[in-house]
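What you see is a predicted model, and the numbers here were worked out from it, not measured in a lab.
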Amino acid sequence: MRKSGVLSALCASLLLTGCVSSDDGILRVLSYGFVDLEGAKTSAIIVEYGQDLKADAVNVEDFEIIDYTIWQEQENGYERTIETDKDDTPGNEGQITYVYVNDAPQPANDRVSKDGRYVIIEVNTDYILTGQNLVYTTTMMAGVRQLHSIRGQKSTIPATEEMLTNYTVEEREGFGGRMQQVINTDKANILLPELSEANGWSIHRIGDGAFQATHCYSEYTGEYVDFELPYSIYVPSKDVLEANKGKIGLTIHMEHAGANDTDPMAAVTSSRAAVKHASPLVQKEHPTIVLVPQIEESRRSTNDLVASSEANTAIWELVDHILDTYKGYIDENRIYGTGQSMGGMTILNMAAQRDNFFAGVVATGAQWSNSYNKTFQNDGERTPDNDTISFNGWGLDRENYQNWYYMVSDDNILVQTCKGDAMATGLWLALADYYEAAGVKIPYDEWSPFDDLQEQNQRGAAVVNHDNSTPGSGISWVGFTDGSHMSTWKYGYQLDYCFDWLYAQNRSTEIQREKVKQLRNEWLGRDSRGKIRAGSGTNHLNSGQYTPGGADAIYGEGWTPVSATIKLIDAIPETEPVQTEGQRGPNRRLSRGELIEQAKAAYNKLSENEKEQVTNAKKILAE
């Protein structure tokens with residue numbers, strides 16, 4: 001096989017997507033796979049011919065292939081592509097392992113060749129990729145070149161001169177303004193049987209079964225929106241539903257922003273979570289409906305300013321619809337929420353809107369916090385009055401609904417973070433600090449995600465299995481000592497303890513457990529040693545905000561619109577900032593003029609009384 005430059009050569013030539021070399025030759029190329037920890041992964045390339053082949057017509061020497069992992073290694077090298085090499089054989093990742101003929105477009109369990117029109121090219125999947133979870137239409141790319149003539153039932157099929165593919169490649173401007181190659185695999189030529197209707201899944205697309213959400217409030221804009229919300233849902237078989245009527249669980253899983261798309265397949269293929277919830281491992285002991293709403297990028301469900309979009313309301317409407325559809329089957333004491341990054345933030349936010357709605361939550365690489373001044377950084381604020389759908393009265397506490405730390409203090413929550421994730425780690429450290437000041441110690445342990453899996457599961461079980469009858473004792477925290485933000489869900493979902501813990505939870509334990517009452521007290525700040533003052537709660541506390549690089553310099557713990565405006569003005573340089581090589585596109589520094597406009601916008605949101613407290617306002621008013 002070629003060792004380099006395959007994709008570049010293909011970019012320069014006409015890519016033949018689903019092409020036909022002759023009526024009896026190759027009709028199309030399909031990629032067949034499954035959802036692994038890092039997303040959708042090709043396990044076999046299937047070549048469909050226009051005639052049946054003899055069972056002994058092919059062998060591994062007859063084909064050259066390209067798949068995502070092979071391309072990555074060619075472009076970036078083994079060390080930068082592979083995080084875990086399970087068979088300790090560098091360079092064989094994604095490469096051909098078996099070739100045989102089959103009479104159906106799927107691998108054969110026994111790998112015994114039989115007459116048919118499909119050549120099955122199985123590839124090595126015994127590895128984990130480095131980096132983030134990509135969209136399935138990228139990772140499921142496949143290409144085949146037939147190197148030798150093959151004997152068909154009707155005629156001999158000559159070798160192909162070009163690589164025949166199920167994808168196209170185009171150049172687009174990417175992050176930081178750099179051009180990058182974007183792969184688009186034909187969805188009609190992707191086979192992911194785990195997510196098929198036969199396995200209990202149904203996919204609801206815009207214009208084809210998506211949920212019609214109405215009057216959905218956005219904190220980003222302060223406006224209401226009607227729109228179609230795509231989603232995927234797994235429902236156990238009719239026999240299982242009837243045998244467990246009134247005992248079926250409901251799990252709402254939300255994906256990270258990297259899976260934002262209009263295609264509901266994006267969310268169920270971006271991590272292992274959804275298919276693991278629907279797997280026999282879970283379903284045998286805990287029959288559960290698994291609901292995965294699909295978020296579009298234009299409706300990003302949460303942001304890092306503790307606000308949420310119209311997707312928040314729409315998700316609640318969809319959840320209510322599913323509860324109504326399966327009324328009498330779902331046990332409302334067994335409703336669960338899981339998610340990572342943006343998705344975990346969404347679930348954590350929702351957990352305070354309907355108190356004790358979720359029996360258990362697993363938040364992976366995600367965080368949430370308090371903001372009593374959302375309209376200072378956004379254009380709206382969700383309240384029980386302007387969003388009666390999200391706040392539908394379930395456990396509504398009008399006095400404390402903004403005090404997120406207090407509202408979730410009787411919940412069952414498992415947190416999973418990587419130490420390299422400054423944002424999630426920083427905000428959970430803050431929560432642990434507030435709870436400890438109120439007399440509650442959050443159980444915590446950390447280990448390498450590359451340790452033996454059995455040992456990791458045992459340590460995880462030891463963290464979550466403790467007396468949880470006292471206020472605040474339902475929250476546990478696990479940290480991974482390696483990896484960064486987007487590694488967290490690879491490391492978390494490879495373990496079983498978190499799923500075992502989740503499905504052992506019941507809403508009744510939250511109802512019986514009291515909240516941490518001290519958290520209702522006013523925020524009293526910290527003393528000169530940095531210690532939280534005695535008796536302090538989190539009422540009217542604006543949490544310190546974080547960026548991927550650490551604590552935000554403007555919006556620190558206890559910030560107010562006045563303090564933030566003063567700091568924004570102080571941050572304006574006297575001269576134009578110099579842009580360095582790495583500061584382009586999203587990374588570029590704001591110009592002096594942009595910083596002035598930013599500070600002016602903040603200043604103009606203040607009341608007249610607040611404006612009088614901005615002692616350095618002359619710096620922007622004179623501009």
Side-chain angles (χ1 to χ4, degrees), residues 200 233-238 240-254 273-274 276-279 281-293 315-339 344 346-363 389-397 401 406-415 461 464-476 496-516:
I233 187 169
Y234 168 84
V235 179
S237 70
K238 184 177 180 180
V240 172
L241 287 177
E242 293 300 333
N244 295 275
K245 191 171 185 178
K247 301 176 184 178
I248 299 292
L250 171 64
T251 295
I252 298 97
H253 176 72
M254 298 296 302
K276 192 164 182 176
H277 282 303
S279 69
L281 175 74
V282 170
Q283 294 293 327
K284 183 178 180 180
E285 298 295 328
H286 309 287
T288 303
I289 294 170
V290 183
L291 176 65
V292 187
I315 295 164
W316 277 125
E317 289 185 355
L318 174 58
V319 169
D320 291 341
H321 168 71
I322 298 301
L323 287 172
D324 184 60
T325 300
Y326 293 96
K327 190 175 182 62
Y329 289 88
I330 292 174
D331 179 357
E332 294 191 358
N333 286 316
R334 294 189 58 238
I335 301 175
Y336 306 101
T338 64
T346 302
I347 292 294
L348 289 168
N349 184 28
M350 292 171 67
Q353 292 167 356
R354 297 188 186 180
D355 191 30
N356 299 145
F357 180 84
F358 297 108
V361 166
V362 178
I389 298 168
S390 297
F391 295 95
N392 74 338
W394 185 306
L396 179 60
D397 184 342
Y401 75 90
Y406 170 74
M407 291 300 297
V408 300
S409 64
D410 59 349
D411 287 355
N412 297 315
I413 300 175
L414 171 59
V415 180
V464 297
N465 292 329
H466 57 268
D467 176 23
N468 64 357
S469 61
T470 56
S473 62
I475 303 177
S476 303
D496 295 336
Y497 88 94
C498 49
F499 291 84
D500 293 339
W501 172 85
L502 180 71
Y503 288 106
Q505 304 312 303
N506 191 289
R507 190 168 69 94
S508 61
T509 62
E510 297 180 337
I511 294 171
Q512 294 166 8
R513 183 189 304 128
E514 292 186 356
K515 286 180 166 57
V516 181

Between [X] and [Y], which heavy-atom pair has the shortest distance, and what is it?
{"X": "Arg334", "Y": "Asn506", "answer": "CG-ND2, 4.2 Å"}
{"X": "Ala274", "Y": "Val292", "answer": "CB-CG2, 3.9 Å"}
{"X": "Val408", "Y": "Ala351", "answer": "CG1-CB, 4.4 Å"}
{"X": "Leu318", "Y": "Pro293", "answer": "CD2-CG, 4.2 Å"}

Validation row: [X], [Y] side chains within 4.5 angstrom (heavy atoms):
{"X": "Trp316", "Y": "His321", "value": "no"}
{"X": "Ile248", "Y": "Tyr326", "value": "no"}
{"X": "Thr338", "Y": "Val361", "value": "no"}
{"X": "Thr470", "Y": "Arg513", "value": "no"}
{"X": "Leu414", "Y": "Tyr497", "value": "yes"}
{"X": "Thr346", "Y": "Met350", "value": "yes"}
{"X": "Ile233", "Y": "Ile289", "value": "yes"}

Among Ile252, Thr251, Leu250, which one satisfies side chain to side chain contact (heavy atoms under 4.5 Å, CB included) with Tyr336? Thr251
In Å and rounded to the nearest 0.5 Å, what is the [atom1] to [atom2] distance from [X] to [Y]?
{"X": "Ile330", "Y": "Ile322", "atom1": "CD1", "atom2": "CD1", "answer": "7.5 Å"}
{"X": "Ile347", "Y": "Ile315", "atom1": "CD1", "atom2": "CD1", "answer": "7.0 Å"}
{"X": "Met407", "Y": "Asp355", "atom1": "CE", "atom2": "CG", "answer": "4.0 Å"}
{"X": "Leu281", "Y": "Phe499", "atom1": "CG", "atom2": "CZ", "answer": "8.0 Å"}

Decide, yes or no, whether a salt bridge links Lys515 with Asp410 under the criterion of side-chain N to carboxylate O below 4.0 Å. yes
Keeping the roles fixed (side chain from [X], backbone from [Y]), state whether a donor-acceptor pair exists under 3.5 Å.
{"X": "Gln283", "Y": "Thr288", "answer": "yes"}
{"X": "Asn412", "Y": "Ala359", "answer": "yes"}
{"X": "Asp411", "Y": "Ile413", "answer": "no"}
{"X": "Ser409", "Y": "Val516", "answer": "yes"}
{"X": "Gln505", "Y": "Trp501", "answer": "yes"}
{"X": "His466", "Y": "Ser473", "answer": "yes"}
{"X": "Arg354", "Y": "Ser390", "answer": "yes"}
{"X": "Asp324", "Y": "Asp320", "answer": "no"}
{"X": "Glu317", "Y": "Ile389", "answer": "no"}

Give the ring-plane orientation class for Trp394 versus Phe357, where under 30° counts as parallel, over 60° as perpendicular and anything between as tilted.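 Plane angle over 60°, so perpendicular.
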Assess, by modelled atom type and distance only, whether the side chains of Tyr503 and His277 contain a donor and an acceptor separated by less than 3.5 Å.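 On atom types as modelled, these side chains qualify, holding a pair under 3.5 Å.
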